[in-house]
Amino acid sequence: MEVEINVSETTDDSLLNKPKLDQNVVKPNNASDHGDENEEEEEDIEDDDDGMVEFEDDDDGDYYMSENSKEDDEAHYLSMQAQFDNVDLPPGVEASFSWLGDPQPVASAKVVAPSVDTLDQEIPNIPFYKGTDVASSSSSSVLPTVIPTSAVENEDKTNEEVKQKFENFKSFDIVDDYSDHHFNNAGFQGQQPPRTWTKKIQDEWKILEKDLPDTIFVRVYESRMDLLRAVIVGPAGTPYHDGLFVFDVHFPPTYPDTPPMVYYYSGGLRLNPNLYDDGKVCLSLLNTWTGQGSEKWMPNNSTMLQVLVSIQALILNDKPFFNEPGYDDMYPGVAGDKKSKSYNEDIFILSLKTMIYTLRRPPKYFEELVVGHFCSRAHAILSACRAYMEGVEVGSTIDGEHPVEKSGSKPFKAAVGRMINGLVSSFSRSGATNCDQYRVKN
């Protein structure tokens, strides 16, 4: 189902001649395989009367997280970290953050003031302090860990600096280093691009700088005008809420006669019928899926802004199950709603894994956005997880507001329970405070 999204633009009437398209660019596969991965219907499992479930591991080991204590949580977090280390990513995507490793003792923790000189600096160490609860201590001979006042003040100062950098993070900016970009070997290959092409890209930059919504962030490259990177925030009210989704874009030499090429950083996860685990993006506006009229790319009217807004609104929507071609007719009414809710549960688990994946490997020039976003949204995400464990429908909770009606399958509640302690650790390492209240107890 495609919906036209119109974005105003002033374009140059003169278009470049069509040189031969760079053979190094990998074209998207034929969209006919769009519906190959259909899900088999699972047997319904009735919930317990109290709506809660016990959190035991699946025999198939599909989920990374299964914590019974903070110590187990740390081990499983590092295990998940190792899983993502095997994902095929371009060089330079990984950022070496010391707070993603084992927590350091308070006495040796050192707070480093972040530099404001450049955007490509590594995020400073954000200490994760662990203390002993005096009231719960089982032995009077064991002294509690005391956090020095200076350490607390430094931690507060660091968190405030992270918050300020996040709030001041630009929606659009021009940067230099493109070495980790998916399409860094494409383009004009040393040839000077035509003036008409250059002017068109400059027009795109102006539109993006002026009209980007506050939930889409873009970086372009001064020495490679054919490249662009975007981070899109998952919309509220969807199974993608509060997630960050990373896309690399290439404007081919034939642009705008042909649409831009878009690659999605999936981390090996397929969390939407239109977003493949190999990075392919299916969208009529990109001519990678069927469409009619203005649904497809129109050289004189379509813009990069329209592409980004379409990905956010049409792909990352509240019922992605029906993005699969023919499912509207195949699963009407109650049967379709049941399938859609089940699909949303599966997708939300993948979205949680994507959050940890993104924190583990923040895209270059977006490090401050990633840390600041998850630091600021940690409580909303964890609160939603606890609500989903109690049966609230995925996507129906927004900033702590939960509907009265409850559903949710028992396997889904258990899966969220296995993920939540790992999320607490991840968000705490990013600087979020008071997250331990959301941990699942034995």
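Side chains are part of it too, since the values below use all heavy atoms of this structure and drop only hydrogens, waters and symmetry mates. Throughout, residue positions are numbered sequentially from 1 according to the sequence presented.
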- Query: Step by step, would you call Val307 with Val249 a side-chain contact (heavy atoms from CB on, under 4.5 Å)?
  - Reply: CA-CA 10 Å; Val307 170; Val249 177; over 6 Å; no
- Mind running side-chain contact (heavy atoms from CB on, under 4.5 Å) on Leu423 and Leu352 for me, showing each step along the way? CA-CA 8 Å; Leu423 289 166; Leu352 293 181; 3.8 Å; yes
- Message: Would Phe172 and Val220 count as a side-chain contact (heavy atoms from CB on, under 4.5 Å) here? Give the steps.
- Response: CA-CA 8 Å; Phe172 178 90; Val220 295; 3.6 Å; yes
- Message: Please determine whether ring-ring contact (aromatic ring centres under 6.0 Å, His included) holds for the pair Phe427 and His379, giving the CA-CA distance in whole Å, both sets of side-chain angles, and the decisive distance to 0.1 Å.
- Response: CA-CA 9 Å; Phe427 295 153; His379 284 256; 9.3 Å; no
- Item | Step-by-step side-chain contact (heavy atoms from CB on, under 4.5 Å) determination, Ser376 to Phe166 | CA-CA 9 Å; Ser376 67; Phe166 169 64; 3.6 Å; yes
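A salt bridge is absent between Asp337 and Lys341: the closest approach of a Lys/Arg side-chain nitrogen to an acidic carboxylate oxygen does not fall below 4.0 angstrom. At a threshold of 4.0 Å, the pair Asp180-Arg229 counts as salt-bridged, since one of the basic side-chain nitrogens sits closer than that to a carboxylate oxygen.
Side-chain contact between Val233 and Phe217 is present, with at least one heavy-atom pair separated by less than 4.5 Å. In this structure, the side chains of Asn301 and Ser294 stay at 4.5 Å or more apart for every pair of heavy atoms. With contacts defined as side-chain heavy-atom distances shorter than 4.5 Å, the pair Ile174/Trp205 qualifies. Pro325 places a side-chain heavy atom less than 4.5 Å from the side chain of Trp289. At a threshold of 4.5 Å between non-hydrogen side-chain atoms, the residues His181 and Lys364 do not count as touching. Looking only at side-chain heavy atoms (C-beta outward), Ser302 and Pro259 stay at 4.5 Å or farther from each other. Using a 4.5 Å cut-off on side-chain heavy atoms (C-beta onward), Ser266 and Asp278 make no contact. Leu382 has its side chain within reach of Cys435: a pair of non-hydrogen atoms, C-beta onward, lies under 4.5 Å apart.
For the pair Arg219 and Phe169, the cation sits on the ring face: its NZ or CZ lies under 6.0 Å from the ring centre, inside 45° of the axis.
Contact detail for Ile232 and Ile311: the closest heavy-atom pair is CD1-CG2, 3.8 Å. Across all their heavy atoms, Trp297 and Leu285 have their closest contact at CB-O, 3.2 Å. Considering every non-hydrogen atom in both Asp177 and Tyr365, the closest pair reads N-OH, 2.9 Å. When all heavy atoms of Pro235 and Gln312 are compared, the pair lying nearest together is CG-O, 3.6 Å. When every heavy atom of Ser430 is checked against every heavy atom of Val371, the shortest pair comes out as O-CG1, 3.3 Å. Residues Val231 and Pro363 come closest through the heavy atom pair CG2-CG, 4.2 Å.
Not one N or O on the side chain of Ser351 forms a donor-acceptor pair closer than 3.5 Å with the backbone of Ile347. Formation of a donor-acceptor pair under 3.5 Å by the Asn274 side chain with backbone atoms of Leu283 is not found in this model. Listed for the Trp197 side chain is a donor-acceptor partner under 3.5 Å among the backbone atoms of Pro252. Under the 3.5 Å distance criterion, the side-chain polar atoms of His241 are left unmatched by any main-chain donor or acceptor of Ile381. With Asn272 contributing its side chain and Ile315 its backbone, the two residues share a donor-acceptor pair below 3.5 Å. A donor-acceptor pair is defined here as one N or O able to donate and one able to accept, closer than 3.5 Å; such a pair exists between the side chain of Arg224 and the backbone of Asn184. A donor-acceptor contact shorter than 3.5 Å is absent between the side chain of Asp346 and the backbone of Tyr343. Side-chain atoms of Glu345 do not come within 3.5 Å of backbone N or O of Val394 as any donor-acceptor pair. Distance alone, capped at 3.5 Å, is enough to place a donor-acceptor pair between the Glu204 side chain and the Met304 backbone. No side-chain donor-acceptor contact under 3.5 Å links Thr288 to the backbone of Ser284.
Using cut-offs of 30° and 60° for the angle between ring planes, the Phe348 and Tyr388 rings count as perpendicular. Using the six-membered ring where Trp is involved, Phe245 and Tyr240 have ring planes that are perpendicular, over 60° apart on the 30 and 60° scheme. Using cut-offs of 30° and 60° on the angle between ring planes, the pair Tyr263 and Phe183 is perpendicular.
Within a 6.0 Å radius of CD in Glu222, no more than 12 heavy atoms belonging to other residues, nucleotides or ligands are found.
Atom-to-atom distance recorded for Met389:CE and Met419:CE is 12.5 Å, nearest 0.5 angstrom. Separation of atoms OG (Ser425) and CZ (Arg439) is listed at 4.0 Å; rounding is to 0.5 Å. Interatomic distance, His373 NE2 to Thr215 OG1, rounded to the nearest 0.5 Å: 10.0 Å. Here CG of Asp173 is found 12.5 Å from CG of Leu208. Values are rounded to the nearest 0.5 Å. Considering CG of Leu271 and CD1 of Ile349, their distance stands at 12.0 Å, rounded to 0.5 Å. Rounded to the nearest 0.5 Å, atoms CG (Leu286) and OG1 (Thr258) are 11.0 Å apart.
A side-chain hydrogen bond (donor to acceptor under 3.5 Å, both in side chains) with Asp248 is found for exactly one of Tyr264, Tyr265, Tyr178, namely Tyr265.
A donor-acceptor pair shorter than 3.5 Å cannot be found between the side chains of His250 and Tyr255.
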